[in-house]
Protein chains: 2
Amino acid sequence: MISCTGLFFNFDFFLSMFEIFRKYLEEKVAISDSDYAFIKSVSVIKRLRKHQLLLNADDRWSSHAFVCEGLLRKFSIDEKGSEHTVYFAFENWWVGDRESLMNNLPSKYYIEAIEDSVVLLIHDENFQEIFRKVPQIKDLVNTILQRSLNAAHERINATFKSTAEEKYKHFLKSSPNLANRVPLHMLASYLGITPETLSRIRKQIAKTK
Amino acid sequence: MISCTGLFFNFDFFLSMFEIFRKYLEEKVAISDSDYAFIKSVSVIKRLRKHQLLLNADDRWSSHAFVCEGLLRKFSIDEKGSEHTVYFAFENWWVGDRESLMNNLPSKYYIEAIEDSVVLLIHDENFQEIFRKVPQIKDLVNTILQRSLNAAHERINATFKSTAEEKYKHFLKSSPNLANRVPLHMLASYLGITPETLSRIRKQIAKTK
DNA sequence: TTACTGACTTGATATTTATCAATTTTCTTT
DNA sequence: AAAGAAAATTGATAAATATCAAGTCAGTAA
């Protein structure tokens, strides 16, 4: 049940990571102790070193992953070799590839740790079992999906009506905490501009102040 | 219960539109006759003429809308007066503004009929009641949300790695049926390019063939 | 520390796409 | 069918951003 592919590991570590997840759940759903026991029994903690991949393109994704610590990103690589970041995921967010999971298809995406990170994995079969035991979790998932969808639409909307500079400023405003944690070239690939352009924009903004 | 703000209306019309919705549901969820009766009792059919708005910016959205017939689009207007289409919705799709609904905020978006259309509206309070009576519908909603989210991420991904021409070709491939139903300037506002550019691209492609 | 690698910056130039303006075409309404 | 309005096309030009090429800086590993 308990497993870890990281470098070192002990039971206390597992417990403290699970505790983060439990706290997250407790804020949103009432779950009995026995159900928590079940959730714990199917949870797998995985450490990731910076640069390590949680998902490789062409692999199948079959779990649900909750970020306990650290920062990851999901991205694809196009024919020309350029990276495109779909989103960043930090503490208390979920990552994965639902497209691969739902359709049982090889993934088009990579998921990579930007910092040393810890994720909690639950295999989809077990996740469905949790749904059966604790149906209120469906409402939680529903809410998360709705918010994610709103955010995605908002991003599409904001992207199209903005210049590169506006996009960057919008990012700074909406995710000030991320701006310092994400390397410039990844941020550029998230905003859909080149690193050079982003570098110049930064300089430009610094000068104005 | 039964209502219509369109031009003309009769009971048979209501029934035939509800039948479309029922067929849609039957394919995905098992629902008892009495539950169908309840759903029917809270469903409102609304006709929309071409150009008519289902939602106006600054209004609050409080329903769930299923498209029985026709084609609509959701869009915003920026400070410069340019339109940005977030998505198109045709037969058997849902439209609305979950952001406004969830947070009880005035909407930033317009929803407009591109063709004469018919939508089936269920007020959110009644929708929650349906959730209570027919919890399996939650799974349906969940699936829809997941697919929409995948599509949105896919779109973000495709947009950033493509030129205007590639975006247009990608649209033609993924939504060949829509290409003929959507006016050029709306398609341009969906792809995030100007109508002039799209017009030139079309010409370019026509010439090559 | 030193060397190495990857990230970031900077400059020169090329390309794409937007903007503005005029014209033609198509659709609506009477 | 005619008039008016909206949409689409076309051309000329401008602006934004990408690309290519060096060079600098920073962090990592030996």
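Chain identifiers are assigned alphabetically (A, B, ...) following the order of the sequence lines, protein sequences preceding nucleic acid strands; residue numbering begins at 1 within each chain. Computed from heavy atoms alone, side chains included, the values below leave out hydrogens, waters and symmetry copies. Just so we're clear, the structure is a prediction, and the values are computed from it rather than from any experiment.
Nucleotide C/dC8 holds its P atom 15 Å from the CD1 atom of A/Ile201, rounded to whole Å. At whole-Å resolution of the value, CD in A/Glu83 and P in C/dG6 are 13 Å apart. Rounded to whole angstrom, the span from the CD atom of A/Gln204 across to the P atom of C/dG11 amounts to 13 Å. The nearest whole Å value for the distance from the CG atom in B/Asp116 to the P atom in C/dC27 is 15 Å. Remark: P of C/dA18 and NE2 of B/His84 are 11 Å apart, rounded to the nearest angstrom. Going from atom CD1 of B/Ile193 over to atom C1' of D/dA16 covers 16 Å, rounded to whole Å. Taking atom CD1 on B/Ile114 and atom C1' on C/dC27, their separation rounds to 16 Å, with Å as the unit. Taking atom OH of residue B/Tyr168 and atom C1' of nucleotide C/dT16, one finds them 19 Å apart after rounding to whole Å.
A close approach under 4.0 Å does not occur between any side-chain nitrogen or oxygen of B/Lys50 and OP1 or OP2 of C/dC27. An OP1 or OP2 oxygen of C/dA18 is reached within less than 4.0 angstrom by a side-chain nitrogen or oxygen of B/Thr194.
For the residue pair B/Lys161/A/Ser76, the side-chain donor-acceptor check at 3.5 Å is satisfied. Side chains of A/Arg60 and A/Ser100: no donor on one and acceptor on the other come within 3.5 Å.
Salt bridge status for A/Arg22 with A/Glu26: present, with a side-chain N to carboxylate O gap under 4.0 Å. Electrostatic pairing of A/Lys74 and A/Asp97 counts as a salt bridge here, judged by a charged N lying under 4.0 Å from a carboxylate O. Note on B/Lys23 versus B/Glu19: no salt bridge recorded, every NZ/NE/NH1/NH2 to OD/OE distance being 4.0 Å or above.
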Going 5' to 3' along nucleotides 6-13 of chain D, which nucleotides have protein heavy atoms under 4.0 Å from the base (write B), which only from the sugar-phosphate (write S), and which from neither (write -)?
-> -SSSBBB-
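The aromatic rings of B/Trp94 and B/Phe127 stand perpendicular to each other, their planes meeting at an angle above 60°, with 30° marking the opposite boundary.
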